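What you see is a predicted model; the values in this text were computed from it and never measured.
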Amino acid sequence: MAAFYQLLSGFADGDAISHCARTLRAHARAAGWESEIFVDDEHCAPNMRGERQPLSACRPSAEDVVVHHYSIASSALSTYRRLRGKKVLLYHNITPGEYFDAFDSALAARLREARAMLSEAVAESDRCWADSQFNAHELEAAGARSVRVFPLAFEPSALDAPPDQQVFEKFQRQLTNILFVGRIAPNKKIETLIEAFCWYNKTINPLSRLILIGSSASCPRYYAMLRMLAGDLDLPNVCFEDFASPGGLPTYYRMADLFVTTSEHEGYCLPLVEAMYLGVPVIAHATGGMPEAMGEAGVLYRDLSTADIACLMDKVISDPAVRERVLASQRARIEALAKRDIGAELRALLSDV
């Protein structure tokens, strides 16, 4: 039987693309395929190195399927382009480089390079998949035909870990907890969320805190700017928690009264689904792939000021009828996602390849 190989630009616990690759590997193996993940040493978290092979070890035959999870220019893309096999480009979106110009010019250049190379990568691929219709439209604009949408895989078992006692004790004081989970990156517009929280905390509910979960390594200068902003606004209750452990992440969700993202650019946004699964009402900016991740659930907004976002937050938190309607819509969304057969979807896509 042919092999199913995946090439990633990075591999880390808590990363949505890494999680997706591990899920696909498990389903491919269950279907009888030989399946491995290939990542270079430089961009693999130390605790994940036992779960992957180095890029140099990827030597597919002409009949093997090689999937590249594409989101940035990397050695994985270079390897993918020179390999033989039946090649599939799985597109997770490329963040526009202009978001990073003020904070990390080298990363901005890599993102622009990735955008510039997208058409070539499409042309060299036998099939193109996208994890949202939003991303499929970008592939089509780059020349792809017959793009198949394969929504980002969500396996809830990782969120069923027992509570992390340290996290629980740190936040056990009874305050209203507003949560954000995601990369600390400029496209997420976390400064907008901090400013909205400032309105909420200072004019509506002083017994509240904003908890930000995400690695400071994603864009250190942006992270520093956010910390300075919180200081300038005199907001001691903005909690920068950095990376969350696998056990800590579901604990943060369970302690949250509300999940909010004010991001401007997302290919999908898996934390929205995670929050809904754990019963946290969700407010999200209606842009990019986020409406697809939400389905008909939660609360989507457009064109609101930070003061308006603060009022919306208060409405979802404090109005029991509104809160229950939001949670009911989210339960329905999670029930629909639970019926999804990822293995069957993957087998159908592979038979097409």
Side-chain angles (χ1 to χ4, degrees), residues 1-8 11 15-38 51-53 58 60-71 80 85-93 122 125-140 144-160 266-278 289-297 329-353:
M1 195 170 187
F4 175 75
Y5 295 148
Q6 299 179 81
L7 277 58
L8 277 69
F11 197 45
D15 170 63
I17 295 177
S18 300
H19 175 78
C20 175
R22 294 162 85 181
T23 300
L24 297 188
R25 180 180 61 186
H27 283 287
R29 287 176 174 175
W33 293 66
E34 175 193 342
S35 186
E36 298 291 346
I37 293 170
F38 296 88
E51 287 202 45
R52 67 85 178 96
Q53 303 294 324
C58 188
S61 72
E63 296 304 310
D64 293 334
V65 176
V66 181
V67 175
H68 176 43
H69 295 258
Y70 192 38
S71 61
Y80 171 79
K86 297 178 179 179
K87 296 198 283 189
V88 176
L89 195 72
L90 176 47
Y91 186 53
H92 296 278
N93 203 275
V122 165
S125 300
D126 296 291
R127 294 289 186 274
C128 290
W129 303 346
D131 62 12
S132 67
Q133 190 62 55
F134 173 74
N135 289 341
H137 289 324
E138 290 198 358
L139 282 177
E140 290 163 353
R145 296 181 179 181
S146 302
V147 178
R148 301 288 293 273
V149 175
F150 185 42
L152 201 62
F154 171 61
E155 293 284 359
S157 57
L159 296 173
D160 294 332
E266 296 285 344
Y268 187 80
C269 195
L270 191 61
L272 300 178
V273 180
E274 294 175 340
M276 289 192 288
Y277 173 75
L278 289 174
M290 287 192 285
E292 292 177 63
M294 297 278 281
E296 300 296 321
S329 71
Q330 294 180 181
R331 288 192 292 269
R333 172 62 171 157
I334 293 301
E335 288 174 7
L337 289 175
K339 296 175 183 176
R340 183 184 176 198
D341 189 337
I342 295 173
E345 288 181 38
L346 180 61
R347 291 191 297 272
L349 288 168
L350 291 175
S351 67
D352 176 61
V353 175

Query raised in the report: Got Arg148 and Arg127 here, is their nearest side-chain heavy-atom distance under 4.5 Å?
Result: no
Requested in this report: Any chance you could measure Glu34, atom CD, to Arg29, atom CZ, to the nearest 0.5 Å?
Outcome: 8.5 Å
Query - Nearest-0.5 Å distance, CG of residue Leu24 to CD1 of residue Ile37 - result: 8.5 Å
Requested in this report: Indicate yes or no: at least one non-hydrogen side-chain atom of Val66 is less than 4.5 angstrom from one of His68.
Outcome: no
Query - Check: Ser61/Asp64 side-chain N/O donor and acceptor closer than 3.5 Å - result: yes
Query raised in the report: How many angstroms lie between atom CG of Leu272 and atom CD of Glu292, to the nearest 0.5 angstrom?
Result: 12.0 Å
Report summary line: Of all heavy-atom pairs linking Asn93 and Gly267, the shortest is CB-CA, 3.9 Å
Query raised in the report: Have His19 and Glu155 got a donor and an acceptor in their side chains that come within less than 3.5 Å?
Result: no
Query raised in the report: Do other residues, nucleotides or ligands put more than 12 heavy atoms under 6.0 Å from Glu296 CD?
Result: no
Requested in this report: May I ask you to check whether Tyr80 and Tyr70 place their ring centres under 6.0 Å from each other?
Outcome: no
Query raised in the report: Hey, does Asp131 have a side-chain heavy atom less than 4.5 Å from the side chain of Cys20?
Result: no
Query raised in the report: Would a 4.5 Å heavy-atom cut-off, applied to side chains only, mark Trp33 and Val65 as touching?
Result: yes
Query raised in the report: Any idea which heavy atoms bring Gln6 and Ala21 closest together, and the distance?
Result: NE2-O, 2.9 Å
Query raised in the report: Is there side-chain contact between Val88 and Leu349, with heavy atoms separated by less than 4.5 Å?
Result: no
Requested in this report: Measure the shortest side-chain to side-chain distance between Tyr277 and Leu337 over non-hydrogen atoms and say whether it is less than 4.5 angstrom.
Outcome: no
Requested in this report: Locate the shortest heavy-atom distance separating Gly295 from Arg333; write the atom from each residue and the value.
Outcome: N-NE, 3.9 Å
Requested in this report: To the nearest 0.5 Å, tell me how far Leu152 CG sits from Tyr268 OH.
Outcome: 6.5 Å
Query - Spacing of CZ belonging to Phe154 relative to OG1 belonging to Thr23, to within rounding of 0.5 Å - result: 10.0 Å
Query raised in the report: With a 4.5 Å limit on heavy-atom distance, are the side chains of Pro151 and Glu345 in contact?
Result: yes
Query raised in the report: Shortest non-hydrogen contact from Leu346 to Ala28?
Result: CD2-N, 4.0 Å
Query - Approximate separation, where rounding is to 0.5 Å, of Cys269 SG and Met294 CE - result: 9.0 Å
Report task. For residues Ala130 and Ala136, report the shortest heavy-atom separation together with the two atoms involved. Result -> CB-N, 3.5 Å
Query raised in the report: With a 4.5 Å limit on heavy-atom distance, are the side chains of Leu139 and Leu89 in contact?
Result: yes
**Report entry** Arg25 and Glu51 ion-paired at < 4.0 Å
**Finding:** yes
**Report entry** For Tyr5 against Cys58, the heavy-atom pair lying closest together
**Finding:** CD1-SG, 4.1 Å
